[in-house]
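Here is the naming used below: chain letters follow the sequence lines, and residue numbers restart at 1 for every chain.
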Protein chains: 2
Amino acid sequence: MAARNPKRSSTAPRREAARQKVGSTDPAGLKDAGSMPQDGNVRRSATTARPTHIPTMQDVADAAGVSQSTVSRVLTGAPNAIPINPATRERILEVARQMRYRPNPLARGLRGARTMLLGVIVREITDPFFAGAVDAISTEANLRGYNVVLGHAHGRTDEAIALRAVLETRHCDAILLLGDTSDQPRLMDDLRDTNFSVVGLWQGTAPMPGISIIGVDNRFGVGGLMDHLLGLGHRKIAFIGGAFIEGQLIGDIGERRVAFLERAAAEGLEAPEGFVRDAQNTLHGGAGALEELMALPQRPTAIVASTDVLAIGALHAACHMGLDVPGEISIVGFDDLPMAEYTTPALTTVRMPMAEMAAAGVKAAVDEGEDREATTVQILKPTVVVRESSGPARVAAD
Amino acid sequence: MAARNPKRSSTAPRREAARQKVGSTDPAGLKDAGSMPQDGNVRRSATTARPTHIPTMQDVADAAGVSQSTVSRVLTGAPNAIPINPATRERILEVARQMRYRPNPLARGLRGARTMLLGVIVREITDPFFAGAVDAISTEANLRGYNVVLGHAHGRTDEAIALRAVLETRHCDAILLLGDTSDQPRLMDDLRDTNFSVVGLWQGTAPMPGISIIGVDNRFGVGGLMDHLLGLGHRKIAFIGGAFIEGQLIGDIGERRVAFLERAAAEGLEAPEGFVRDAQNTLHGGAGALEELMALPQRPTAIVASTDVLAIGALHAACHMGLDVPGEISIVGFDDLPMAEYTTPALTTVRMPMAEMAAAGVKAAVDEGEDREATTVQILKPTVVVRESSGPARVAAD
DNA sequence: CGCACGAGTGCAATCGAATGTAGCATACCA
DNA sequence: TGGTATGCTACATTCGATTGCACTCGTGCG
């Protein structure tokens, strides 16, 4: 049948066709539309009786008696582009409101519109520090009209999963990496050849190809801690925390460790064997490290933990061993978790410029936008917060 | 090839001919079709040179010399439905791999496919309990091939934002509500007329219309705590924590409070004025409540905090006041945060069946699937964990 | 009197993938 | 050798919203 030759439909009554779309008065024209279930647009309004009652833009259009494109123009609020009769506009808005119409973000995204979604990949959401970071970022993102999609890395092992999580959700406008993920090469790799911006926060301060970095000045923070402890007379200072990947120190914790070592050397501090300990960044890891330190022939009088989590673990272990903190030993951390103020004794630590970093991260992610390549590195300074877990070095001689 | 001649060229292979269908066969016809840019699909392969280098399925098809639909069938792995020549299949897979093709989830979703996304709405991600819950849910979701989208409620005020977060992300296959959100009527309202499943976790144990509930047996948990304290000889027991909305007690905390009151009454405990205190669920709130309790003419010998966060705050305040815990006062919590084991002294509390609840929640969300209406209520039992913050009641006479 | 201009709308193509169906081969059967 | 299976592909439609373009109807101007 002539089914194939669509062409002509237009020849038909031009204006007729146009106007009476919904009507039924164009037998001829439709007919030739051929084998199709015909009745081109009537279908919609009629057939739309799907089980789901989520209204589409077409539904709104039908209800308001205008075309779907008009509804689109009104709802997307394109203000100046194309003029819409105020009366029509009001009517459409009203109908849409009544029908509780919600635009389908998928359809929007398909056309290339921004999804207003920020992907956040965090290694461990249970780390209170990152929970706080997610919160700060989420707050900041909301201010700009963005929402946050959380991808979970679950430690290094399941990198494959995290990877998929990202790629599959690549309908995000940008991705923020929280914490060190450089040990997930596949992830980094896949991220590199995407076309949206990637921003790394708390990943250390080293520039990385293709991604913007927002970091904290770890050297400055550790320096402040050391100043504080040295000022209290400590000369035997130990360090807890390290993160190695194939022998390389990485990320913030690695930087803190390096900063500690350099400063210790510069001050000519004693550095007995075992004064620098690796530990998993968990409460348990901190506790274990403290026990080991205390078992050393020469005990330190102060301990710098590379994170508050480690410090809190160490604190607990110390109290458990009956040690007086800070009487016998001072313990300081890094991060200033909300909890740090509520430990016993309250923890001396380093406060992150959390809100600022979140703001900078979101800004970079959003602004950078199309502009890949234009990656930046921003390093913010933390501040030392002195509480109760650090005190004068015991003059004791052991 | 006959580059020059616009019309079809008969270029050789029959196959070719097929390809350019619309292209040429109707010179006259087109004319009248009027002005359309015609040349239906050839365009694609040529024009597709957009700046972005994310390959589409069509690109893969072109590269492999097959049609887009064939690529789709190969990649989606439709196993038995339609047979594909193994050789073709391999070729396509290879090309796709080389081009690093990734399916566009938006397009997929638009067709109604499951997005494999679970929306999780949490009021405060900084609450370590919920951070843990998110972690557990995320783990469980990943096992089933789902990823988690986090919606952030940020306390009650910005309910509008949370609401939008949800509705805008309604391309989730299901939504999990973490913690009490019943004070966000607009949210609940909007959620009600969606067509996907909604599951509430840690929202108390009362059935709710249209949503499945996974709860913990608060009465049982509080009962266990009371058994423990009563067994230690405590008769003057105070309670911290309450959440009121318009005079109604709600959620888990509300249930714990009710359970406490009932049990206290049943045991005929003394209940001096002020022994039951409201408090914001924060460390600070817990600390404040403890100070108030200790300022009472009659001090309690034990305190039941409705969450670990409150308990830890109280613990800190107690230590700060120089009180001996548990010597002078016992403090117990609820939730068993990771941190609970590392406070000083370690906290006696109630352990959530976290993994089980997460599993049940995800299962409900996923299985329920289409089957709205089929909502359920599951109540799991927690277990008391005795540590160091609770001890025998002082026989003292105050 | 006609024509251009512009406000206001509708039409139809489009985004990328999924899928029902038509169509072409080759193979097999009668 | 004609006819029918059947394996394999291509075509065209679809999802919902966006958007370039065309079209209609008034108006004002030449």
Side-chain angles (χ1 to χ4, degrees), chain A residues 3-4 6 9-10 14-22 34-37 40-41 43-44 47-48 50 52 54-61 65-76 78 81-89 92 101-113 171, chain B residues 14-22 33-38 40-41 43-44 47-48 50 52 54-61 64-76 78 81-89 92 101-113 171:
Chain A
R4 273 276 94 304
S9 43
S10 65
R14 330 147 134 252
R15 100 223 234 148
E16 289 293 72
R19 253 145 171 355
Q20 50 181 214
K21 46 161 189 158
V22 175
S35 43
M36 308 175 26
N41 33 15
R43 179 180 51 64
R44 288 306 193 90
T47 328
T48 307
R50 322 158 87 215
T52 163
I54 290 189
T56 72
M57 195 170 263
Q58 181 67 51
D59 296 330
V60 175
V66 298
S67 79
Q68 181 255 332
S69 56
T70 299
V71 175
S72 171
R73 285 193 253 265
V74 169
L75 295 183
T76 55
I82 288 193
I84 297 286
N85 187 320
T88 307
R89 172 188 301 279
I92 292 177
Y101 168 78
R102 300 285 171 181
N104 180 328
L106 289 165
R108 262 197 172 139
L110 190 52
R111 288 290 301 198
H171 49 26
Chain B
R14 28 331 180 62
R15 251 261 274 309
E16 294 295 83
R19 260 141 168 269
Q20 35 196 241
K21 55 153 194 173
V22 175
S35 41
M36 306 180 24
Q38 43 90 255
N41 35 14
R43 183 183 46 59
R44 289 300 196 90
T47 329
T48 308
R50 321 160 85 215
T52 163
I54 289 189
T56 72
M57 198 171 261
Q58 181 66 50
D59 296 330
V60 175
V66 297
S67 78
Q68 176 259 325
S69 57
T70 300
V71 175
S72 172
R73 285 193 248 267
V74 169
L75 295 183
T76 54
I82 288 193
I84 297 287
N85 187 318
T88 306
R89 170 188 302 279
I92 292 176
Y101 168 79
R102 303 281 172 183
N104 180 329
L106 290 165
R108 266 198 168 135
L110 190 52
R111 288 288 302 198
H171 49 23

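When the side-chain hydrogen bond (donor to acceptor under 3.5 Å, both in side chains) test is applied to B/Ser69, the partners found at least two apart in sequence or on another chain are B/Ser67. In terms of the side-chain contact (heavy atoms from CB on, under 4.5 Å) criterion, residue partners of B/Ala64 (sequence neighbours excluded) are, by chain and number, B/Val66, B/Arg91, B/Ile92, B/Val95.
Rounding to whole angstrom units, CE of residue A/Met57 and P of D/dC15 are separated by 15 Å. For the pair B/Leu75 CG and C/dG16 P, the computed distance is 15 Å after rounding to whole Å. Between the CD1 atom of B/Ile84 and the C1' atom of D/dT6 there is a distance of 14 Å, given to the nearest Å. Here C/dG16 presents its C1' atom at 10 Å from CG of B/Asp59, a figure rounded to the nearest Å. When rounded to the nearest whole Å, the span between CD of A/Gln58 and C1' of D/dA17 equals 11 Å. Distance, A/Arg89 CZ to C/dG8 P: 10 Å, rounded to whole Å. One atom, CZ of B/Arg73, and another, P of C/dT21, lie 12 Å apart when rounded to the nearest Å. As rounded to whole Å, 9 Å separates atom C1' of D/dG7 from atom CG of B/Asn85.
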Please determine whether side chain to side chain contact (heavy atoms under 4.5 Å, CB included) holds for the pair B/Arg108 and B/Thr76, giving the CA-CA distance in whole Å, both sets of side-chain angles, and the decisive distance to 0.1 Å. CA-CA 11 Å; B/Arg108 266 198 168 135; B/Thr76 54; 4.1 Å; yes
Could you go through B/Val71 and B/Tyr101, starting from their C-alpha distance and side-chain angles, then the distance that decides it, and tell me whether this counts as side chain to side chain contact (heavy atoms under 4.5 Å, CB included)? CA-CA 11 Å; B/Val71 175; B/Tyr101 168 79; 5.8 Å; no
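Counting distance only, with no hydrogens placed and no angle test, the side-chain atoms of B/Arg108 and the base atoms of D/dG16 include no donor-acceptor pair under 3.5 Å. Interface remark: the B/Arg102 side chain does not form any donor-acceptor pair with the C/dG16 base, using a distance-only criterion of under 3.5 Å.
Side-chain N/O atoms of A/Thr56 include none lying less than 4.0 angstrom from OP1 or OP2 on D/dG16. Under 4.0 angstrom from either OP1 or OP2 of C/dA17 there lies at least one side-chain N or O belonging to B/Tyr101.
Between B/Ser69 and B/Leu110, the one whose closest nucleotide on DNA chain D sits nearer the 5' end is B/Ser69. Nearest-nucleotide positions on DNA chain D for A/Ala107 and A/Thr70 put A/Ala107 closer to the 5' end. Mapped onto DNA chain C by nearest heavy atom, A/Gln68 and A/Pro86 fall at different nucleotides, with A/Pro86 at the one closer to the 5' end.
Remark: B/Met57 CE to B/Arg102 CZ distance equals 13.0 Å, nearest 0.5 Å.
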